[in-house]
Amino acid sequence: PPRTVLISGCSSGIGLELAVQLAHDPRQRYHVVATMRDLGKKGTLEAAAGEALGQTLTVAQLDVSSDESVAQCLSCIQGGEVDVLVNNAGVGLVGPLEGLSLAAMQNVFDTNFFGAVRLVKAVLPGMKRRRQGHIVVVSSVMGLQGVVFNEVYAASKFAVEGFFESLAVQLLQFNIFISLVEPGPVITEFEGKLLEQVSTAEFPGTDPDTLSYFRDLYLPASRELFHNVGQSPQDVAKVIVKVIGSARPPLRRQTNTRYAPLAALKAMDPSGSLHVRTSHRLLFRWPRLLNLGLRCLACSCFRTPVWPR
Ligand code: NAD
């Protein structure tokens with residue numbers, strides 16, 4: 001029988017693409033429960049699903065920040081059995097810390113961290129009973145390495161990484177696998193929504209220097225990075241499809257080789273100084289080098305990333 005795959009956050013981006021790709025699996029290995037918080041937005045998904053709709057794909061309501069919504073959603077799945085859970089729903093938050101409210105920060109953790117934890121708690125008893133299951137989490141390269149002006153978002157993804165890496169040990173005993181997928185920049189509504197937030201936000205209480213670093217250095221550099229190395233949600237979904245189809249799923253899987261030189265900064269120097277100092281130089285001294293460096297390394301003219309010292 002096909003494996004039941006429950007995915008959160010399918011109204012757009014990676015979740016939508018993943019749902020559609022799995023539902024069109026040529027070997028029909030999956031039945032996809034594509035969920036979203038607001039069913040009013042299901043049109044795009046339904047159109048993309050085409051004839052798979054009602055066959056290998058069903059749409060359901062799910063708000064990952066609500067216990068009732070999770071219980072209600074699972075009660076509608078036949079036998080309540082989820083074979084593969086994909087925690088994809090997430091929100092971003094960017095800007096100078098002084099200008100962000102604690103409530104906005106808590107919302108990021110409620111969705112990105114507690115949202116995933118809530119779903120896992122709900123499906124775990126069934127997976128343990130059946131001695132099988134796969135929990136996939138859409139994390140981020142920011143779950144591995146901090147990024148300036150993304151402190152709270154990165155913290156929420158670090159929390160995800162620590163939680164699931166710890167849980168993976170116990171679950172292996174139950175034949176349940178965990179996979180953390182770590183995309184770099186992906187061109188979805190995600191970035192658009194963030195930039196919209198940012199362009200209207202005033203970040204009250206932030207000093208002029210910090211505001212100018214954010215607006216005049218960080219934002220253009222970030223836009224350029226998305227433009228130069230950004231992946232499509234289709235490409236990220238393809239990687240996740242492979243992870244789900246694999247007999248021995250990996251604990252971690254990055255999706256963007258063009259981001260690898262930046263990710264390597266941390267692995268190359270466990271003290272962390274290389275990452276912090278290089279990121280500092282790239283932002284405050286030579287912002288344009290960020291993209292030059294990435295492009296140069298992407299065409300593999302350097303075997304080891306070489307960074308200004
Ligand atoms: P997206 O904004 O298109 O998708 C996120 C989805 O989560 C949206 O459909 C949104 O409605 C949904 N969502 C938010 N709160 C929810 C809630 N409480 N309950 C249910 N759904 C909720 O952006 P995306 O890029 O497809 O994001 C998917 C995942 O990928 C996120 O976890 C994000 O952190 C991660 N990610 C994105 C990028 C990027 O650059 N876009 C990079 C790395 C990781």
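Order of listing sets the numbers, starting from 1, for every ligand and every atom in it.
- Scored by the side-chain contact (heavy atoms from CB on, under 4.5 Å) test, Thr255 finds Val181, Pro183, Gln231, Val236, Val239 as partners (sequence neighbours excluded).
- Nearest to atom 26 (O) of ligand 1 among the protein's heavy atoms is Ile14 N, 2.8 Å.
- In this structure, Glu182 has no heavy atom closer than 4.0 Å to ligand 1.
- Geometrically, ligand 1 and Gly15 share no nitrogen or oxygen pair separated by less than 3.5 Å.
- Among Ile178, Val137, Leu167, Leu171, the one residue that satisfies the side chain to side chain contact (heavy atoms under 4.5 Å, CB included) test with Val120 is Leu167.
- Ranking protein heavy atoms by distance to atom 28 (C) of ligand 1, first place goes to Asn88 OD1, 3.1 Å.
- Of the polar atoms of Thr188, at least one N or O is found under 3.5 Å from an N or O of ligand 1, judged by distance alone.
- When only non-hydrogen protein atoms are considered, atom 20 (C) of ligand 1 lies nearest to Leu62 O, 3.4 Å.
- Taking atom 18 (N) of ligand 1 as the reference point, the nearest protein heavy-atom neighbour is Asp63 OD1, 2.9 Å.
- With a 6.0 Å radius and a threshold of 12 heavy atoms from other residues, nucleotides or ligands, Arg277 has its CZ atom at or below the threshold.
- Regarding atom 3 (O) of ligand 1, its nearest protein heavy-atom neighbour is Ser12 OG, 2.7 Å.
- At least one N or O atom of Val186, backbone or side chain, sits closer than 3.5 Å to an N or O atom of ligand 1.
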Could you go through residues 86-104 and list every donor-acceptor pair under 3.5 Å that involves a side-chain atom there, pairing it with any protein atom two or more places apart or in another chain?
residue	atom	partner	partner atom	Å
Asn88	ND2	Ser8	O	3.0
Asn88	ND2	Gly9	O	3.1
Ser101	OG	Ala104	N	3.0

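- Judged purely by distance below 3.5 Å, without hydrogens or angles, the side chains of Ser156 and Asn112 pair a donor atom with an acceptor atom.
- Contact analysis puts Ser65 in contact with ligand 1, with a non-hydrogen atom separation below 4.0 angstrom.
- The distance criterion of under 3.5 Å between nitrogen or oxygen atoms is not met by Asn112 with respect to ligand 1.
- Ser69 does not count as a contact of ligand 1, since none of its heavy atoms falls under 4.0 Å from the ligand.
- Of the protein's heavy atoms, Ala89 CB, 3.4 Å lies nearest to atom 21 (N) of ligand 1.
- Between Pro185 and ligand 1, no N or O atom pair is found at a separation short of 3.5 Å.
- At a 3.5 angstrom cut-off on N or O pairs, Thr111 does not count as close to ligand 1.
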